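Structure first, commentary second.
It should be emphasised that the depicted structure is a prediction, and the values quoted were computed from it without experimental measurement. Letters A, B, ... mirror the listed sequences (proteins, then strands); counts begin at 1.
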Protein chains: 2
Amino acid sequence: MRGEAIHLLSVKDENLKKEITLKDVAEAAGVSKMTASRALRGANDVSKVNVEKVKKAAKEIGYVGNHLAASLTKTNSNLIGVVLPNLTNIVFSHVMSGITGALDDTIFQPVFGVSDYDEEKEYEVIKNILSWRPAGLIVTGTNFPESTKLILRQAKIPLVQIMDTDGDIIDSVVGFSHEKAGYDMARALLETGRERIGFIGCIIENDFRAAKRKAGFIRALDEAGHNLVCDYNVDSVSTISVGRGLVDEALSAHPELDCIYFSNDDIAAGALFRCIEKQIAVPEDLALIGFNGMDISNCFPGKLGTSVTDRAGIGSAAAKILLRRCTGEMSIESEKIVLEPQIRLGNLLENSSSS
Amino acid sequence: MRGEAIHLLSVKDENLKKEITLKDVAEAAGVSKMTASRALRGANDVSKVNVEKVKKAAKEIGYVGNHLAASLTKTNSNLIGVVLPNLTNIVFSHVMSGITGALDDTIFQPVFGVSDYDEEKEYEVIKNILSWRPAGLIVTGTNFPESTKLILRQAKIPLVQIMDTDGDIIDSVVGFSHEKAGYDMARALLETGRERIGFIGCIIENDFRAAKRKAGFIRALDEAGHNLVCDYNVDSVSTISVGRGLVDEALSAHPELDCIYFSNDDIAAGALFRCIEKQIAVPEDLALIGFNGMDISNCFPGKLGTSVTDRAGIGSAAAKILLRRCTGEMSIESEKIVLEPQIRLGNLLENSSSS
DNA sequence: AAATGTATCGATACCGGTATCGATACCAGT
DNA sequence: ACTGGTATCGATACCGGTATCGATACATTT
């Protein structure tokens with residue numbers, strides 16, 4: 001038994017060969033750990049000869065640095081935490097893409113977590129990420145429970161909330177008011193003469209932003225003395241097929257509809273596809289309005305209306321704020337960057353209904 | 001002098017409040033660092049009284065653990081590295097989503113990097129991630145330069161290559177053969193009687209998988225004694241509008257086309273939208289075939305053909321392999337999981353052209 | 001020649017946790 | 001009373017880097 005164990009250990013030793021550390025590099029180069037450390041980090045107080053020797057040795061023995069150890073000596077690591085509610089939604093992929101793009105060629109790297117629109121999970125994910133002592137944090141939204149806000153504040157690191165500027169802003173924020181986005185779209189639609197407007201959406205619980213758009217939309221209608229003709233809500237992920245199905249329902253129940261506001265482009269596109277099959281003239285007889293201005297909103301150019309948002313721009317701007325605040329000489333002030341969506345009504349503009 | 005220094009320190013203390021460490025928790029709870037450490041990790045050799053005291057103290061003073069320090073004592077951290085070529089492409093969002101889903105409720109957390117289909121950048125990103133001493137690594141693809149393969153092997157951590165099973169497999173792999181996927185689709189199309197088949201794609205450099213599908217597709221045609229009627233390639237991101245434009249070009253140059261294979265669903269859908277405008281019967285007169293089976297492939301049910309891939313399943317399976325190998329009692333063998341795409345031809349099956 | 005400055009390097013002490021092992025107290029068994 | 005066992009705890013030595021400061025060698029100035 002014992003002999004076996006020892007044998008296993010020695011075999012293991014040969015396989016694992018102990019991790020290669022800076023000390024190994026130093027020995028191979030014939031210098032001290034410190035000189036090796038300085039040489040690899042490009043410090044200026046190492047002779048050129050030694051820099052060469054160290055770099056050569058490091059490459060030869062296949063040295064890979066250890067961020068864990070390096071970060072432990074500082075107060076923060078060079079990780080940037082990112083918390084998103086979801087990843088299947090391409091909106092957040094675009095945001096993520098903007099973030100990684102801005103972080104490219106910097107020393108910072110993103111770690112991230114998904115909250116699934118669940119506040120408890122969000123709290124755990126944030127706490128977990130904070131345990132990595134990130135240099136900064138990007139979180140989605142502005143509606144957090146008190147406990148979450150507390151740990152965010154206690155972390156004492158630059159924080160950027162993204163997507164939404166409506167709720168509580170803890171530090172910096174990049175995004176726009178979804179309430180206003182909904183409001184503005186409703187105003188624009190009313191201006192074209194549409195008045196018999198319905199709503200169809202997939203608003204899952206805790207998707208505050210979609211809910212805010214709807215609220216803003218309704219507020220504008222209300223101010224103009226109108227109500228939603230119909231209001232369909234499905235608590236599921238939004239898909240094309242949901243749009244197809246619900247527009248059928250809506251039209252048969254409310255044939256008078258001349259406009260439908262959707263919670264996003266996917267459902268709106270689904271509705272458009274169904275309308276094309278039913279030979280309903282869009283937007284002449286029925287305007288269909290999505291949100292985000294994703295690629296799919298260009299499926300039939302001019303037919304779908306939408307608010308074009310700059311997802312990647314939001315991610316990029318958020319990351320850049322963190323870069324400024326993490327590398328900045330002085331601690332720069334918190335910022336608020338608003339990237340207002342652009343309303344795009346397409347052919348609807350040429351078809352102001354005369355009703 | 002001395003008094004001043006001490007004064008400065010106390011002021012600094014108030015401002016920065018020094019990071020709260022385990023030692024602070026221990027002192028607050030009146031136990032040693034070790035007991036506090038054990039209590040917080042749920043060790044079994046701490047009295048219940050002290051566990052309570054420590055947990056209470058930790059909560060009261062707002063202690064947040066330090067993964068950096070904890071990981072430094074082990075050979076690996078509980079990070080899982082993920083390297084993807086791109087994030088704007090929703091395919092990889094789905095993969096990512098599968099990964100994070102599988103990692104939920106585990107101690108592991110994803111760090112990730114984007115290679116932008118650039119081999120040099122990929123190398124840097126991988127090296128950077130390895131510096132965090134991740135417990136495992138997920139990388140996209142099977143075609144790596146030697147230098148990259150070297151550091152992957154030297155890392156001596158579980159590695160899963162995803163998406164593609166065609167190239168060099170270093171350790172484990174999850175995905176399918178894109179060559180075969182292209183081949184199988186061509187065979188299926190030939191079986192329906194289509195023979196005047198063209199190709200339209202957005203294949204940016206180093207997108208080996210799209211290129212492999214095309215190669216497999218051509219091989220099948222070749223075996224049946226056919227050639228591509230036309231072959232359009234654009235070196236850009238694939239979008240609906242590209243599909244719209246290229247299908248016009250293709251049809252005017254080759255009106256005899258009865259089928260077009262696209263590099264993915266987006267372009268195929270774009271082509272379909274254009275065909276609907278031109279009142280071309282799809283798939284009766286012209287079959288349009290995409291790839292992936294994304295939501296958009298259901299825009300007009302039955303009209304688009306596609307190969308339905310399980311992106312989230314690939315991510316999830318890859319993460320689960322890592323979980324098994326990182327937490328497994330023994331070092332489990334490397335695995336190969338093939339998730340073959342399902343061919344979906346829709347209405348095309350009822351319309352085997354008699355030509 | 002002495003004094004001063006500059007470039008280069010290494011010994012040491014950390015960073016914030018955890019593994020290890022020994023110390024202590026208390027119990028049961030003989 | 002003595003031995004052995006168990007439960008509980010703390011002192012110490014790390015993990016792999018980096019900041020700091022002092023030491024050394026050599027060039028430059030006076």
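With axes fitted over five pairs at each extremity, the angle between the ends of the helix from C:dA1-D:dT30 to C:dT30-D:dA1 is 50° (10° resolution).
The backbone N or O of A:Ile169 sits nowhere less than 3.5 Å from a side-chain atom of A:Thr142 that would complete a donor-acceptor pair.
Atom-to-atom, CH2 of A:Trp132 to P of C:dG17 comes out at 13 Å; the value is rounded to the nearest Å. Per the geometry, CZ belonging to A:Arg133 stands 8 Å off P belonging to C:dG16, to the nearest Å. Rounded to an integer number of Å, the gap from B:Asn66 CG to C:dC14 C1' is 14 Å. Protein atom CG of A:Leu68 is 13 Å distant from nucleotide atom C1' of C:dC15, rounded to whole Å. Separating the NZ atom of B:Lys23 from the P atom of C:dT18 is a distance of 16 Å, rounded to the nearest angstrom. A:Lys74 places its NZ atom 17 Å from the P atom of D:dG16, with the value rounded to the nearest Å. Note: CG (B:Leu22) to P (D:dT12) measures 17 Å, nearest angstrom. Between B:Leu72 atom CG and D:dC14 atom P the separation is 14 Å, expressed in whole Å.
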The test is side chain to side chain contact (heavy atoms under 4.5 Å, CB included); show your working for B:His67 and A:Asn128 and say whether it passes. CA-CA 9 Å; B:His67 283 336; A:Asn128 209 348; 2.8 Å; yes

Begin with the C-alpha distance, continue with both residues' side-chain angles, and end with the deciding distance and a verdict on side chain to side chain contact (heavy atoms under 4.5 Å, CB included) for B:Val160 and B:Arg325. CA-CA 11 Å; B:Val160 183; B:Arg325 304 196 59 197; over 6 Å; no

Criterion salt bridge (charged side-chain N to carboxylate O under 4.0 Å, His left out) on A:Lys56 and A:Glu52, from CA distance to verdict: CA-CA 6 Å; A:Lys56 188 158 156 282; A:Glu52 292 303 316; over 6 Å; no

Close N/O contacts between protein and nucleotides 6-10 of chain D (under 3.5 Å):
unit_1 : atom_1 : unit_2  : atom_2 : d
D:dC9  : OP1    : B:Ser47 : OG     : 2.8
D:dC9  : OP1    : B:Asn50 : ND2    : 2.1
D:dC9  : OP2    : B:Ser47 : N      : 2.5
D:dC9  : OP2    : B:Ser47 : OG     : 3.1
D:dC9  : OP2    : B:Asn50 : ND2    : 3.4
D:dG10 : OP1    : B:Ser32 : N      : 3.4
D:dG10 : OP2    : B:Ser32 : N      : 2.9
D:dG10 : OP2    : B:Ser32 : OG     : 2.6
D:dG10 : OP2    : B:Thr35 : OG1    : 2.3
D:dG10 : O5'    : B:Ser32 : OG     : 3.4
D:dG10 : N7     : B:Arg38 : NH2    : 2.7
D:dG10 : O6     : B:Arg38 : NH1    : 3.3
D:dG10 : O6     : B:Arg38 : NH2    : 2.7

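Under 4.0 angstrom from either OP1 or OP2 of D:dG16 there lies no side-chain N or O belonging to A:Thr21. Checking the phosphate oxygens (OP1, OP2) of D:dG17, a side-chain nitrogen or oxygen of A:Tyr63 falls inside 4.0 Å.
Counting only heavy atoms from C-beta outward, the side chains of B:Val125 and B:Val114 never approach each other to under 4.5 Å. Under the 4.5 Å side-chain criterion, counting only non-hydrogen atoms from C-beta, A:Trp132 is in contact with B:Leu79.
In the displayed structure, A:Lys127 atom NZ is contacted under 6.0 Å by at most 12 heavy atoms of other residues, nucleotides or ligands. Summarising the local packing, NZ of A:Lys55 is surrounded by 12 or fewer heavy atoms from other residues, nucleotides or ligands at distances under 6.0 Å. For B:Lys53, the NZ atom sits in a packed shell: over 12 heavy atoms of surrounding residues, nucleotides or ligands are nearer than 6.0 Å.
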